[in-house]
Amino acid sequence: VDAYERGTSTYFPNYVVPMLPEELSNELCSLKPNVIRLALVAEMKVDFNGELISSEFYEGFIKSHARVTYGEAQEIIDGTVPPKLQHVKDEILKANDLAKLLLAKRTREGSIQLEIPETQVVLNDLGEPVDLIRGERIFAHKLIEELMLLANVAVARFFKEHEIAALYRIHEPPRAESMTMLNKYLVAF
């Protein structure tokens, strides 16, 4: 009922209104380190060109071995491993290599990389907004995006192959007039 009413989690400067009730979002569905959770697994095989070769979906268990922030993941990618994350370093570096491969493939295929910075609201002690700062976009953010896109593609293919009704987010090709206007605009740069 909560997910139907909200549709998504809403993030505010100092708190989140979760899509799911907190008992689920912060407990039962949360990937707390060293706690076994039920999972729906999407196992994907990708070749060295970034092509999705196969995928398989099944029920399983997951046990997260660490809570890693984007900043901590970026430190590992950049070559500095916090001691508390030494045990997950290799997995993060493998994910980094895969994300670079997937990003290169999408770029070769004509994907546009829009680097739109996020804005962060700075609050004072009373919770009032006092400043806006430009959020830093690091490769760790792209890493997660690329892996999420891969999973979405795998699931969409599975649904299509098995004729499972689903809602798809499809981007229609741009109209010729829009492309002409964009080209005129870009000529100035």
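- The minimum heavy-atom distance between Pro13 and Val121, with the atom names listed, is CG-CB, 3.7 Å.
- Looking at Lys105 and Glu51, a side-chain N of the basic residue comes within less than 4.0 Å of a carboxylate O on the acidic one, giving a salt bridge.
- A single hydrophobic cluster is not seen to contain both Leu123 and Tyr15; linkage of ILVMFWY side chains at heavy-atom distances under 4.5 Å, directly or through other members, places them apart.
- Evaluation of the ring pair (Phe, Tyr, Trp, His ring centres under 6.0 Å) test over residues 61-83, restricted to residues two or more places apart or in two chains, returns Tyr70-His141.
- At least one donor-acceptor pair closer than 3.5 Å links the side chain of Ser9 to the backbone N or O of Met19.
- Salt bridge Glu145/Arg106: absent, no basic N to carboxylate O contact under 4.0 Å.
- Linking ILVMFWY residues whenever their side-chain heavy atoms come closer than 4.5 Å, directly or via other members, leaves Val46 and Phe158 in distinct clusters.
- In this structure, Arg67 places its CZ atom where only 12 or fewer heavy-atom neighbours from other residues, nucleotides or ligands lie under 6.0 Å away.
- Between the side chain of Glu118 and the main chain of Gly135, no donor-acceptor pair closer than 3.5 Å is present.
- Clustering ILVMFWY residues whenever any of their side-chain heavy atoms sit less than 4.5 angstrom apart, transitively, puts Val153 in the very cluster that holds Met44.
- Within 6.0 Å of atom CD in Glu59, 12 or fewer heavy atoms from other residues, nucleotides or ligands are found, so the atom counts as exposed in its surroundings.
- Counting non-hydrogen atoms of neighbouring residues, nucleotides and ligands closer than 6.0 angstrom, the CZ atom of Arg108 exceeds 12 such neighbours.
- A pairwise comparison of heavy atoms in Phe139 and Ile77 identifies CD2-CD1, 4.5 Å as the closest pair.
- Between the Arg6 side chain and the Pro18 main chain, a donor and an acceptor come within less than 3.5 Å of each other.
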